[in-house]
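Structure first, then comments.
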Amino acid sequence: MPVLEIDHLHKSYGDTRVLHDINVSIDEGDFLVLVGPSGCGKSTLLNCIAGLEPISGGTIRIGGRDVTGVSPKDRDIAMVFQSYALYPTMSVARNITFGMQVRGVDKETQARKLAEVAGQLQIEPLLNRKPAQLSGGQRQRVAMGRALVRDPRLFLFDEPLSNLDAKLRVSMRTEIKKLHQDLNASIVYVTHDQIEAMTLATRIVVMKAGTIQQVGTPSQIYNRPANMFVADFMGSPAMNLIPARARTEDGTTRIEIDRDGSDPLVITDPIARDLPSQIILGVRPEDIHEATGQAHLPQDLHGAGGEVMIDVVEPAGADTYAVTHLGGTPVTVRLRAESAVAAKRSFPLAFDLSKVSYFSPQDGSRLN
Amino acid sequence: MPVLEIDHLHKSYGDTRVLHDINVSIDEGDFLVLVGPSGCGKSTLLNCIAGLEPISGGTIRIGGRDVTGVSPKDRDIAMVFQSYALYPTMSVARNITFGMQVRGVDKETQARKLAEVAGQLQIEPLLNRKPAQLSGGQRQRVAMGRALVRDPRLFLFDEPLSNLDAKLRVSMRTEIKKLHQDLNASIVYVTHDQIEAMTLATRIVVMKAGTIQQVGTPSQIYNRPANMFVADFMGSPAMNLIPARARTEDGTTRIEIDRDGSDPLVITDPIARDLPSQIILGVRPEDIHEATGQAHLPQDLHGAGGEVMIDVVEPAGADTYAVTHLGGTPVTVRLRAESAVAAKRSFPLAFDLSKVSYFSPQDGSRLN
Amino acid sequence: EPTAEVLHWWTSGGEAKSVAVLQDQFKAEGGTWTDMPVAGGAGDAAMTALRARVLSGNAPTAVQLKGPAIQEWYEETGLADISDVAEENDWAAALPDQIAQHMKCEGQWCAAPVNVHRVNWIWGNKQILDDNGIEMPTTWDEFNAAAEKLQQAGITPLAHGGQNWQDATVFETIVLAQGPDFYRKALIDLDPEALTSDTMKAVFDELRTLRGYVDDNFSGRDWNLATAMVMNGEAAFQIMGDWAKGEFLAAGKQPGVDFVCWPTPGQGFLYNVDSFAFFNVDGEDRQQGQKLLAKLIMGPEFQKTFNLNKGSIPARTDVALDEFDECAKQSSKDMTEDAQDGSLLPSYAHGMALRGAQAGAVTDVVTNFFNSDMSSEDAVQQLADAVAASQM
Amino acid sequence: MLRWSLYAILILFALFYLMPLFVMVTTSLKSLEEIRTGSLLALPRALTFQPWIEAWSSTCAGTQCQGLRPFFWNSVLMAVPAVVISTAIGALNGYVFAQWRFPGANLFFAAILFGCFIPFQVVLMPMARMLGLLGLAGTIPGLILVHVIYGIGFTTLFFRNYYVTIPQELVRAAKVDGAGFFRIFVAIFLPLSLPIVTVSVIWQFTQIWNDFLFGVSFSGPGSQPVTVALNNIVNSTTGVKAYNVDMAAAIIAALPTLLVYVVAGKYFIRGLTAGSVKG
Amino acid sequence: MEWLERNMPKLVLAPSFVAILIFVYGFIGWTAWVSLTRSRLMPRYEIDGFGQYARLFASPRWDVAMNNLFIFGGLFIAISMLIGLMLAIFLDQKIRAEGVLRTIYLYPMALSLIVTGTAWKWILNPGLGIQEMVRGWGFQNFSFDWLIRPEMAIYTIVIAAVWQASGFVMALFLAGLRSVDTEIIRAAQVDGIPTRRIYTAIIIPTMAPIFLSAFIVLAHLAIKAFDLVIALTNGGPGYATDLPATYMYAMAFSRGDLGQAAASAMIMMMVIFAIVVPYLYSELRPRREN
Ligand SMILES: Nc1ncnc2c1ncn2[C@@H]1O[C@H](COP(=O)(O)OP(=O)(O)OP(=O)(O)O)[C@@H](O)[C@H]1O
Ligand SMILES: Nc1ncnc2c1ncn2[C@@H]1O[C@H](COP(=O)(O)OP(=O)(O)OP(=O)(O)O)[C@@H](O)[C@H]1O
Ligand SMILES: [Mg+2]
Ligand SMILES: [Mg+2]
């Protein structure tokens with residue numbers, strides 16, 4: 001039985017429709033990550049699940065029980081708020097233990113759980129402070145702690161790590177992952193961090209302006225985006241979306257891409273695909289390779305590329321990004337840091353055709 | 001003349017020392033990024049610069065003028081707060097124009113700048129809303145807008161993008177970079193996002209518990225971290241810090257690392273370095289390479305490695321991370337997504353010795 | 001052109017009408033009258049206002065003041081001398097001596113009297129008294145006997161209210177019954193011996209007895225509601241000054257027919273004289289106003305009209321009483337008689353005998369006695385202590 | 001079920017609060033005869049509005065028989081400026097105490113608070129002297145001055161305690177935006193202040209409008225406020241008490257205050273600051 | 001200019017400062033002075049020593065007044081706070097007729113006690129009001145005669161005072177409740193905290209400053225409960241319901257014993273000082289650290 005089932009959920013603020021016909025269900029032990037651009041309705045959806053916002057239509061079932069209209073405290077959920085929402089007059093320790101205290105958990109267990117969580121979150125020295133005396137990231141961790149000491153049927157996390165530095169974030173991510181695995185907890189998690197989404201989720205929901213665009217495993221979302229929006233949204237730097245022309249020929253597909261001041265680039269996809277003549281070719285920066293030393297390339301990349309002019313080179317620690325122009329749009333290529341690429345120079349590239357996506361320029365939907 | 005000069009700054013809250021002897025100076029057009037773990041005093045430092053917190057010692061000079069004790073509005077700064085601090089009763093538009101209005105900017109300019117900024121921040125449809133009607137990310141963008149319409153001598157940004165999704169973040173980053181370049185603006189910027197730090201900064205300040213650990217360009221910080229703290233903190237996944245033994249021999253340095261259930265791994269650094277016998281070897285995950293096809297390796301890597309057992313493999317979109325054990329600590333290796341590495345299998349690795357750092361195990365300071 | 005600003009607390013009913021008469025006369029003489037009524041707390045509020053006015057250097061032209069307060073104010077701030085008006089109209093001849101003394105400050109005239117209230121009256125419901133065959137009691141023992149009888153018949157013998165001056169009124173009438181000399185010693189001279197004497201104990205004993213004749217709900221009751229009880233046959237007697245008569249008359253009751261008025265047991269006349277005092281003011285017009293006002297107040301016409309309205313009798317002894325009722329006529333007669341033999345006495349309960357602090361000290365003890373079960377022994381002791389403390 | 005009992009309790013309390021008003025209203029609509037003979041808590045048998053008319057326009061307070069009407073205007077002239085001024089001063093003071101603390105501010109605040117407890121009976125005399133010296137004795141401006149001075153303590157208290165709950169970040173943001181002391185107050189704090197302005201206005205208006213002691217002491221013949229007139233009507237020393245007129249007069253005298261309550265009540269809006277700031 | 005800007009907060013406070021200094025503390029000083037003199041009708045300024053205080057402490061009536069102040073003040077403040085808070089919380093539950101109910105709770109403040117006292121007098125009078133009414137319903141043994149029992153009369157004053165002031169306290173608390181961040185309440189709801197605990201543990205503690213306001217207002221009303229006593233019992237039966245304020249008024253204005261009044265005022269203020277100052281201290285201190 002699904003832990004959470006959302007059916008035809010609608011939500012409006014006055015005249016503003018914020019959520020349109022949301023249908024999602026989560027099984028016991030699922031880790032569902034909600035992603036989507038700022039303002040697309042992620043927090044609102046969490047609030048609706050928690051019962052903090054009245055819904056305008058549809059039903060929400062938690063553990064099979066219809067909870068539409070049930071008060072938040074009876075839904076057996078724990079939640080971390082994007083705005084922390086700490087109890088301002090209570091110390092950090094009491095912020096965390098207060099829920100247990102109310103539920104009549106004995107003092108010993110409280111102390112044990114507090115110590116445990118404080119350790120995980122690295123907030124032991126802060127336990128006696130008031131929220132006003134904490135930094136942003138510290139507040140966020142306390143808010144996490146408040147949820148983690150609970151043992152609810154469903155966890156709701158709203159960007160719980162957004163104010164943490166990378167190291168802490170990694171360690172917290174691990175804690176959350178452990179929580180999920182050890183307790184087989186069911187989780188709905190909002191994040192805008194791609195890595196968080198990819199590493200934590202068992203399933204990802206991509207939203208846009210209050211509608212669901214795609215639901216799938218991280219690899220489905222990353223490798224087979226359902227439409228150009230998802231393709232563009234997931235992955236950083238984003239997938240290159242290059243206008244192109246397609247033609248089936250001799251059991252292969254011939255793809256032509258316009259190139260500045262030169263002939264179009266022609267690529268041959270060895271599979272015959274039934275594509276319209278105008279398409280958008282989607283290819284991730286890491287799926288475009290440097291074609292000099294052919295030895296570097298997987299076998300099937302041979303011939304799937306050509307020479308382009310590089311506009312900009314951006315070194316970024318471990319990687320170097322090179323930006324070129326194809327089909328009238330900038331195309332980013334991810335290269336190893338030691339690559340000898342340079343701006344205003346010609347560069348031989350090759351597409352990994354096993355990884356590319358084809359989209360319809362009309363409605364952006366996936367074609368392959 | 002430096003735009004900002006901080007000399008021997010101290011700051012305490014009651015008995016809690018939060019900032020110890022901070023010395024920083026920023027030239028016209030500098031983009032200084034403050035990084036450090038949560039709670040290390042970044043926001044506090046910004047507040048001191050802005051004049052929002054009284055300082056306990058030292059001096060702050062803006063544009064050569066000692067501003068210790070000068071009120072914030074006379075310091076000619078603009079600031080984005082980590083907690084947004086939007087004016088709750090004003091519409092988004094008024095939140096943004098309020099500062100200009102106060103300064104007596106004429107209506108027309110106000111409207112023009114508002115339109116400009118709203119466009120950059122993609123908040124045009126929200127201009128008439130109240131802050132309470134915005135999502136977290138939208139609030140953050142409004143807070144940004146409030147700073148961007150101004151033309152101050154110094155911008156202060158406190159984690160201005162932490163609540164934004166990757167795409168928006170990239171585009172906002174670009175806007176900030178443009179702002180910096182076009183206006184030659186001077187900026188102090190707090191972030192916990194490594195990429196933001198690396199791509200935006202002209203100089204990075206790494207802080208820890210109220211003290212400055214290192215000041216330098218992004219590449220200095222990344223490639224030549226001053227100590228283990230900086231090495232560990234910057235970069236994600238973090239630099240591997242592997243306990244090892246060193247010995248100078250025949251004009252080269254011989255480094256031995258313990259390996260589980262096998263002989264120590266021996267690496268030869270072609271340069272004779274004057275190292276103590278016990279050292280910590282620092283090497284970034286991307287500077288450890290797969291040594292199968294020797295062709296993949298740069299020339300000087302030959303011989304600088306050996307076989308290890310892989311514990312875990314973590315695919316992460318464009319990359320795959322492999323974790324092994326060396327010198328008693330886990331060591332992460334970054335590989336291309338298509339790498340054939342697998343858990344519980346042997347794996348040939350090689351260190352890029354031109355990139356490694358050596359640290360003292362005693363005080364963590366850099367040795368090479 | 002004479003002007004007058006008059007601070008008084010006669011704001012309602014007959015009193016207000018009476019003041020209006022004065023006002024009309026004043027205007028008819030070409031004066032400008034500014035009315036400054038402040039009701040409440042039997043003049044307390046007006047006194048509060050008066051103090052503020054005096055301190056801000058803006059005293060009213062004429063103020064309703066009475067008893068020793070006139071002399072007290074004279075000592076504090078001085079009062080205007082209106083002797084020329086008094087002499088011109090020969091007030092000395094028109095007023096009983098005791099009352100005239102109240103109007104003088106160090107020998108000069110500084111106030112004008114309006115009326116004389118007799119305080120020591122018993123009012124009875126004729127019907128009830130007749131039904132139970134009760135005669136006018138001439139001693140407190142007779143009164144007690146009558147009360148017992150009424151109580152047996154299921155009638156509340158004594159209507160009483162919850163204001164502490166009502167307690168004081170009953171108290172002083174009992175003191176008066178012990179003879180004018182004792183009254184003078186006890187409540188005018190505050191002689192400690194008299195205050196702690198057995199006679200005083202007997203007074204408290206009688207007060208305790210009277211307390212038993214009062215119904216349970218008397219606390220907080222206004223005096224006029226107590227009067228209404230007598231009127232409506234809910235109670236037989238009330239001990240109250242002659243302003244109670246106004247209530248009876250206003251309700252259309254006839255003296256001697258519906259109700260009866262008797263002086264309280266014992267011999268004597270306790271008076272309560274309302275008067276106006278004149279403060280020192282600047283300006284010819286205001287000083288003239290004072291003189292004119294003084295003259296009008298003592299004018300026979302005003303004295304008659306006012307007292308017809310108020311239930312009291314004129315302070316002037318030379319006003320014809322034809323239009324007055326029986327009670328008033330008796331009051332006037334008694335006043336003249338008692339003035340001769342020294343039993344015309346100032347009422348302590350109404351601020352005619354003592355300065356405020358001392359009167360208050362006595363009242364505190366009396367009212368506390370009346371509303372608790374204190375013994376008479378304790379009461380006299382407390383009385384002596386309180387009086388001693390108030391004289392510091 | 002729970003909600004049901006909630007309403008039950010609220011209504012029960014409403015009845016408790018309404019009881020005296022019920023007595024007053026019914027009494028004011030009865031004839032004197034009925035009051036004398038009937039039960040106080042009974043409904044009027046025959047409605048009469050005569051007492052209301054009398055109270056408003058013809059009952060006597062002293063020699064003037066114009067009811068409460070002429071005194072109303074005095075009260076308005078006194079109460080409105082006094083409420084506005086004291087609320088304004090209180091708001092500014094509260095703003096300073098809450099958001100611009102300086103050394104000694106708390107001590108001064110405590111001193112102001114303690115001032116709330118000074119018994120008015122005590123201040124009457126020295127105040128009278130002061131007003132005399134200032135030439136304000138017996139005038140409406142004098143009364144306004146007195147009410148403002150003794151109102152500041154409370155208005156300051158209300159505003160300060162409301163403003164301390166507003167996050168300091170707002171002031172900080174505005175300071176950086178270049179706004180000065182007054183600008184921040186007007187643009188940011190005032191719009192947030194409706195609930196507390198409501199409280200302050202209710203309190204001050206009630207206190208000032210209903211004040212008797214200052215009114216009676218510091219007013220002159222032409223400036224007596226309505227409470228003094230009401231007192232003169234109600235506190236007769238002799239004569240038959242016209243309870244119905246008294247009650248009607250009292251209700252009439254309270255109408256402006258009630259009006260303030262109804263109007264001001266609108267501004268108790270939920271959650272003005274909510275969601276503005278994190279933490 | 002710079003100086004002006006920096007000192008603006010102090011400048012804004014300056015007029016209040018001067019006013020409070022003169023009109024509160026100056027007058028307290030004046031009162032202290034007068035309390036050491038033999039002032040009667042009007043102030044006199046020759047110092048005479050502590051005689052007035054000796055008289056005051058010897059007076060049984062003053063004892064009663066002080067006792068009453070503690071009984072009345074304690075009960076009145078506690079009950080008004082409780083009822084005010086309760087009503088505010090109940091009204092905060094998205095009640096339908098909130099506006100109407102709020103006005104009903106608040107209106108008693110609007111009515112002058114000069115007359116409501118009469119109404120209360122009737123209601124509480126055993127022969128006219130509640131007791132009579134309930135007996136009229138057939139409960140012959142019902143008795144509610146506190147008004148006329150000297151030892152109970154002070155409690156009727158408490159009832160009337162609570163009736164008058166609790167609505168305002170309700171308004172204060174309601175304004176406070178409405179300024180609490182709704183996100184925090186939501187967090188508590190999700191945390192599974194029952195509504196009652198949300199109020200007691202989270203909302204009410206954040207309203208500590210509002211409690212201070214309510215306390216000061218109520219203490220002020222308690223100490224100055226003058227009109228109420230005058231209107232309801234006029235201090236009676238006897239002087240059983242006297243309060244320091246009525247005592248002082250009686251001394252100053254009906255008895256012409258100003259020195260005594262000043263002494264009683266001083267004692268009253270000292271008592272207030274002793275109670276209020278520790279409270280103020282505890283309320284204002286922790287805020288300084290934040
Ligand atoms: N009012 C205060 N009283 C006492 N300590 C405080 C106060 N405000 C902040 N601190 C402490 O000062 C330290 C620095 O806080 P600051 O807000 O500058 O951290 P930060 O570097 O901005 O962290 P983050 O990245 O989490 O925002 C923290 O440890 C915090 O707990
Ligand atoms: N009270 C409100 N009234 C009207 N619109 C609102 C209200 N609250 C939120 N919105 C709008 O609803 C949309 C969804 O908001 P929500 O907070 O769910 O976004 P989000 O996906 O969480 O964004 P973010 O990543 O920026 O936090 C936004 O466009 C927001 O402006
Ligand atoms: Mg959100
Ligand atoms: Mg911070």
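Note that this is a predicted model, so its numbers are computed, not measured. So you know, we letter chains A, B, ... as the sequences are listed, proteins then strands, and number each from 1.
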At a 4.5 Å cut-off on heavy atoms, which part of [X] comes close to chain D: side chain, backbone, both, or neither?
| X | result |
| --- | --- |
| E:Pro9 | both |
| E:Ile223 | side chain |
| E:Phe226 | side chain |
| E:Leu221 | side chain |
| E:Ile20 | side chain |
| E:Leu101 | side chain |
| E:Met248 | side chain |
| E:Val217 | both |

Looking only at heavy atoms and a cut-off of under 4.5 Å, which of [options] has the most pairs with chain E?
| options | value |
| --- | --- |
| D:Gly104, D:Gly115, D:Ala14 | D:Ala14 |
| D:Val262, D:Ile196, D:Leu113 | D:Leu113 |
| D:Met247, D:Gln99, D:Arg129 | D:Met247 |
| D:Phe205, D:Phe212, D:Tyr150 | D:Tyr150 |
| D:Tyr243, D:Phe102, D:Trp203 | D:Trp203 |
| D:Thr206, D:Leu124, D:Asn93 | D:Asn93 |

[atom1] of [X] to [atom2] of [Y]: how many Å apart, nearest 0.5 Å?
| X | Y | atom1 | atom2 | value |
| --- | --- | --- | --- | --- |
| D:Asn210 | E:Gln164 | CG | CD | 8.0 Å |
| E:Phe253 | D:Met125 | CZ | CE | 4.0 Å |
| E:Leu106 | D:Ile202 | CG | CD1 | 4.5 Å |

Under 3.5 Å side-chain donor-acceptor pair for D:Thr257 and E:Tyr107: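 Checked: D:Thr257/E:Tyr107 side chains show no N/O donor-acceptor pair below 3.5 Å.
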Those residues that, when tested against D:Ile9, pass side chain to side chain contact (heavy atoms under 4.5 Å, CB included) (two or more places apart): D:Phe13, E:Met86, E:Phe90
Between E:Ala97, E:Ala19, E:Ser166, E:Ala252, the one whose heavy-atom pairs under 4.5 Å with chain D are most numerous: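 When all of E:Ala97, E:Ala19, E:Ser166, E:Ala252 are compared, E:Ser166 has the most.
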Side-chain donor-acceptor contacts of residues 21-32 of chain E below 3.5 Å, not counting sequence neighbours, with atom names and distances?
unit_1  : atom_1 : unit_2   : atom_2 : d
E:Tyr25 : OH     : D:Ala111 : O      : 2.6
E:Trp30 : NE1    : E:Tyr45  : OH     : 3.2
E:Thr31 : OG1    : E:Phe27  : O      : 2.7

Part of residues 261-271 of chain E lying next to chain D, heavy-atom separation under 4.5 Å: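 Contacts with chain D: E:Ala265, E:Met268, E:Met269.
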Chi angles and distances behind the side-chain contact (heavy atoms from CB on, under 4.5 Å) call for D:Trp100, E:Val12: CA-CA 11 Å; D:Trp100 295 78; E:Val12 163; over 6 Å; no
Test item: D:Arg160 side-chain N/O and E:Pro209 main-chain N/O as donor-acceptor pair under 3.5 Å: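 A pair under 3.5 Å: no.
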Residue part contacting chain E, namely of D:Leu21, when any heavy atom lies under 4.5 Å: both
Engaged part of D:Phe120 at the chain E interface, taking heavy atoms whose separation is under 4.5 Å: both
Contact summary for E:Ala171 and D:Val199, nearest pair of heavy atoms: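 That closest heavy-atom pairing would be O-CG2, 4.0 Å.
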E:His220 versus D:Cys116, closest heavy-atom pair with distance: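 That would be ND1-O, 2.9 Å.
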Heavy-atom side-chain proximity of D:Ile112 to E:Phe17 below 4.5 angstrom: no
Within 6.0 Å of CZ in D:Arg183, more than 12 heavy atoms from elsewhere: yes
Results of side chain to side chain donor-acceptor pair (under 3.5 Å) for D:Ser75 - residues two or more places apart only: none
